[in-house]
Number of protein chains: 2
Amino acid sequence: MAVSQPVKRGRPSTAKLSEQNIAEAALDIIDERGWSALTMNALATRLNVRAPSLYHHIEGQHDLINLVRALIVSEIETESLASLDWEEATRVFGMSYYRAFLAHPNAIQILSVTPIDDRATFQMYEAFLSALDRAGWAAERALEVLVGLEYLALGSAYEANASEMMLNAQRAEDNGAPVLAKFLRARSDSDSLVEEVFVHLLDDFIRMFKSERDRAASS
Amino acid sequence: MAVSQPVKRGRPSTAKLSEQNIAEAALDIIDERGWSALTMNALATRLNVRAPSLYHHIEGQHDLINLVRALIVSEIETESLASLDWEEATRVFGMSYYRAFLAHPNAIQILSVTPIDDRATFQMYEAFLSALDRAGWAAERALEVLVGLEYLALGSAYEANASEMMLNAQRAEDNGAPVLAKFLRARSDSDSLVEEVFVHLLDDFIRMFKSERDRAASS
DNA sequence: ACCTGAACACCGTTCAAGT
DNA sequence: ACCTGAACACCGTTCAAGT
């Protein structure tokens, strides 16, 4: 009679876990089933391990979130920024920031409200702000550019994937909002490239700050 | 000997709960201790009731969130929009949208990712989009204005209260980001009125779309 | 050092029992 | 109709026991 294999106890000969593969598995779960599906149990199961094992490698949920952030941020272009003027730097940074999060829209909701606490993300901000600093931007305005850009990029990336769910045409109709319903349907019909919309907003955004600087310079 | 009062069982002579006071208590908890503190237990305790009682009045968490949304949205100006042109409508709507959420920054993170399912919110969108519709805006572009405006308003309102927490100058310093740290410190020193920053962004935003329309009209 | 099962204090939600 | 305690299946996290 075959006896069911007993679960091995104690330390395995080769470690199954690492910060790296934990972060990757976490991001996979977020991408596939949303942030709410990322429980310690689900994460452990995907890694063929029990939940308590995770605590030998990460400190808890907050730590886990910042590992996921570092993974996404690593896809953002920062090296070339040092050799560009502020307009080009803003465009390059904005586009790659947008693309990085467009690939992981489900991560946005949790990352946008968790305090930043990982080196990769600080270095990303530093690279972009240094470009503005070299161009002589004041602190207030430089941070406004950064924050405004983040809102547009994160908003557009989230919107591209989740707008159908947040604002549904049929529910709009049912709640006495025919104009909204008409607009929502017209958009989904045209089915435009979502990236085009962001490129458009990014252009407007840069032009807006450029014209302000030109006015200030000529006065 | 005084005997401890036994807890009353069964239906009380006058009902303790209603959708209204549940929603208000929920918003109070969110304002005071953040969204994560809004558990059914905490909510019930504040209303002098046990958690299961809530389910006689609300269907669950999703329902509760939309009740809170309706409460906040009720503070947004919509009546005057019908008599304004699109620029003024955008300014009035944007400002009151911003102010409504500035008063409840902790609600933003959950509301911005929960599908909209309450009449008050649909009616708010309808009022604003009707103003753009009357001005002849195309569906794509009108939704871009709405969505862009929401990001700027929600972002600024959240930022005004939580930016210290999200991006901390000392942590920036510790992670090798001196330019970011310098900018963050310069801003907190100047301590400008947060509303001024949003007014500035809102002006820029409207001008951005206006110049685009003017170009399109003259071609 | 690193994985495990057992245990703890919590969750949201259901439901029969009470008035 | 509406509030209650008990119960259910989950959470994240801690910790002693194993190798």
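These numbers come from the heavy atoms of this one structure, side chains and all, not from hydrogens, waters or symmetry mates. Letters A, B, ... mirror the listed sequences (proteins, then strands); counts begin at 1.
In the region residues 13-35 of chain B, proximity to DNA chain C at under 4.0 angstrom, judged on heavy atoms, holds for none of the residues.
Spacing between atom CG of B/Leu54 and atom P of C/dG12 amounts to 10 Å, rounded to whole angstrom units. Separating the CG atom of B/Asn41 from the C1' atom of C/dC10 is a distance of 9 Å, rounded to the nearest angstrom. For B/Asn48 and D/dC2, the CG to C1' distance is 16 Å, given to the nearest whole Å. One can place CG of B/Leu43 at 12 Å from P of C/dC11, the figure rounded to the nearest angstrom. Atom pair A/Ile58:CD1 and D/dG12:P shows a separation of 10 Å (rounding to whole Å applied).
Ranking D/dC3, C/dC11, D/dC11 by closeness to the A/Thr39 side chain, first place goes to D/dC11.
Stretches of at least 3 consecutive Watson-Crick or G-U wobble pairs, with each checked distance under 3.5 Å, appear in DNA chain D as C:4-8 with D:12-16, C:12-16 with D:4-8.
No side-chain donor-acceptor contact under 3.5 Å links B/Ser156 to the backbone of B/Ala153. A donor-acceptor pair is defined here as one N or O able to donate and one able to accept, closer than 3.5 Å; such a pair exists between the side chain of A/Thr90 and the backbone of A/Trp86.
Remark: A/Glu164 CD is loosely packed, at most 12 non-hydrogen atoms of other residues, nucleotides or ligands lying under 6.0 Å away.
With rounding to the nearest 0.5 angstrom, the CG atom of A/Leu201 is 6.0 Å from the CZ atom of B/Phe209.
The aromatic rings of A/Phe128 and A/Phe93 sit parallel, their planes meeting at an angle under 30°, below the 60° perpendicular limit.
For residues 166-182 of chain A, every residue pair satisfying the salt bridge (charged side-chain N to carboxylate O under 4.0 Å, His left out) rule, not counting sequence neighbours, is listed here: A/Arg171-B/Asp117, A/Glu173-A/Arg185, A/Lys182-B/Asp133. Residue pairs meeting the side chain to side chain donor-acceptor pair (under 3.5 Å) criterion with at least one member in residues 25-34 of chain A, sequence neighbours excluded: A/Asp31-A/His104, A/Glu32-A/Arg46.
Side chains of B/Leu81 and B/Ser130 form no contact here, defined as non-hydrogen atoms less than 4.5 Å apart.
Side-chain atoms of A/Gln109 and A/Ser112 include no donor-acceptor pair closer than 3.5 Å.
Considering only residues two or more places apart in sequence or on other chains, B/Glu19 meets the side-chain hydrogen bond (donor to acceptor under 3.5 Å, both in side chains) condition with none of them.
Here B/Arg91 does not pair with B/Asp204 in a salt bridge; the nearest charged N to carboxylate O distance is not below 4.0 Å.
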- Message: So if I define the base as every atom that isn't primed, P, OP1 or OP2, how would nucleotides 13-19 of chain D read as a B/S/- string at a heavy-atom cutoff under 4.0 Å?
- Response: BBB--BB

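Put simply, B/His57 has a side-chain N or O that comes within less than 4.0 Å of OP1 or OP2 on D/dC3.
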